[in-house]
Amino acid sequence: MARMKFLADAERCIECNGCVTACKQEHDIPWGVNRRRVVTLNDGMPGEKSISVACMHCSDAPCMAVCPVDVFYKTSEGIVLHDKDLCIGCGYCFYACPFGAPQFPQDGAFGLRGKMDKCTFCAGGPEPDFSEAEFRKYGRNRIAEGKLPACAEMCSTKALLGGDGDVIADIYRSRAITRGRGSEVWGWGTAYGRPEKKPAAQPPGAKS
Amino acid sequence: MRLTTTCTIALAAGLSLLAAGCGERPKVTVYKQGQYQGKPDTRPWDNDPPKDPSIVAWQKGDKASWEKSIKARTLGQNEYVRIEGASNK
């Protein structure tokens, strides 16, 4: 197996925030922590583009490189996870991450920074699978249930794909081939492809 | 005599300080990948598959069959294939 990845299709994202809601609901995420969020460019203008952003489970993760207490590890499926029991909440991973994925609950006085929380690709963490401790610290373990991340599976337009990088790249490739391009710069045809047009009947002997 | 001793001690101290300066190494931080310090994690294929009709069951402990199950689930995201007749090709 290759590595588990997310792929956000900006042509399809309609900024419904269904992925954000699915993530929050699935893992019982507290107020103020957003493991996933939708970023929109040129908001309100024709042709605006949105993408859903969370931990991208980098192959060479900068959070892993800068962590002073080495709480990060990578599973054999390429999912970047961390042990919350050892996290000291220093915030180095937040500064290093280009996606702003690490989140810190700030429910104490004086902006207290708690232990880091981030997207787990719905793979839980270093606790026994399906245990209360795993759910409380890391959320539900859907990967161990044979499922994919809730955000990707809940995406109504399938703008957010999750899974084996090779497989979702193939899905995206077939999508890109199917898409219409030309006068229609954005909209339905660009996102889902144009209806099939049969070639006009040609008289015999005519050159194509 | 005392002056000579004092001068000798001062000279020795000065020379040793100079020698220490020669031995100074450039302070360049070289990053070394740390070792994970936390608890070991379990593997997803070491669990029994749930009794869910939407999931292709795998053999407990068999990584290959779990990967096959996940791949089938991943391919389900391709609506051109999942929904018959939805392809615009």
Side-chain angles (χ1 to χ4, degrees), chain A residues 1 4 7 64-77 81-87 123-131 134 141-148 152-153 155 157-158 160-164 166-168 170-172 174-175 177-180 189 192-196, chain B residues 20-89:
Chain A
M1 175 175 277
M4 290 292 194
L7 200 157
M64 291 180 82
V66 300
C67 180
V69 285
D70 289 322
V71 302
F72 290 92
Y73 65 103
K74 196 187 282 276
T75 69
S76 56
E77 304 87 58
L81 298 175
H82 71 296
D83 188 342
K84 276 193 179 179
D85 291 346
L86 296 178
C87 178
E127 295 286 350
D129 287 348
F130 314 125
S131 65
E134 185 183 51
N141 193 340
R142 290 172 59 89
I143 292 292
E145 293 174 22
K147 295 174 182 172
L148 293 167
E153 295 212 301
C155 182
T157 60
K158 286 285 163 275
L160 183 64
L161 301 171
D164 184 352
D166 290 343
V167 178
I168 58 173
D170 284 344
I171 295 172
Y172 189 76
S174 69
R175 213 180 260 188
I177 292 165
T178 309
R179 273 176 184 155
Y192 299 99
R194 284 179 293 193
E196 186 181 356
Chain B
C22 293
E24 192 173 346
R25 291 175 185 175
K27 292 184 177 67
V28 179
T29 306
V30 178
Y31 170 70
K32 285 182 182 174
Q33 181 73 48
Q35 288 284 316
Y36 172 57
Q37 300 293 320
K39 288 175 277 187
D41 197 3
T42 47
R43 296 175 302 181
W45 51 87
D46 286 338
N47 299 288
D48 283 315
K51 288 169 183 161
D52 187 335
S54 70
I55 292 168
V56 179
W58 67 87
Q59 288 288 323
K60 186 179 178 181
D62 182 12
K63 186 183 178 186
S65 65
W66 176 82
E67 285 178 355
K68 202 174 171 183
S69 172
I70 280 286
K71 187 174 182 181
R73 186 96 177 178
T74 309
L75 284 169
Q77 294 176 108
N78 189 355
E79 73 276 6
Y80 293 146
V81 175
R82 191 183 72 232
I83 304 165
E84 200 177 344
S87 175
N88 288 323
K89 284 179 192 173

Taking all non-hydrogen atoms of both residues into account, name the closest pair between [X] and [Y] and its distance.
X      : Y      : value
A:M4   : B:I70  : CE-CG2, 3.6 Å
B:R43  : A:D129 : O-OD2, 3.8 Å
B:T42  : A:E127 : OG1-O, 4.0 Å
A:A144 : B:P44  : CA-CB, 3.8 Å
B:W45  : A:S76  : CH2-OG, 3.3 Å

Once you round to the nearest 0.5 Å, how far does [atom1] of [X] lie from [atom2] of [Y]?
X      : Y     : atom1 : atom2 : result
A:E77  : B:K63 : CD    : NZ    : 6.5 Å
A:R175 : B:N78 : CZ    : CG    : 7.0 Å
A:L81  : B:Y36 : CG    : OH    : 8.5 Å
A:E145 : B:S54 : CD    : OG    : 10.0 Å
A:I171 : B:E79 : CD1   : CD    : 8.5 Å

Below 4.5 Å from any heavy atom of chain A, which atoms of B:P49 appear? Answer side chain, backbone, both or neither.
-> neither

So what's closer than 4.5 Å to chain A heavy atoms on B:D52: side chain, backbone, both or neither?
-> side chain

Backbone of A:G162 reached by a side-chain donor or acceptor of B:Q77 within 3.5 Å | yes

A:D70 side chain to B:Q37 main-chain N or O, any donor-acceptor pair under 3.5 Å?
-> no

Among A:L148, A:I168, A:V167, A:D170, the residue with the most heavy-atom pairs under 4.5 Å to chain B is A:L148

Between A:D164 and B:T74, is any side-chain donor less than 3.5 angstrom from a side-chain acceptor?
-> no

Need one label for [X]: side chain, backbone, both or neither, based on atoms under 4.5 Å from any heavy atom in chain B.
X      : answer
A:F130 : side chain
A:L7   : neither
A:L161 : both
A:Y73  : both
A:D85  : side chain
A:K147 : both

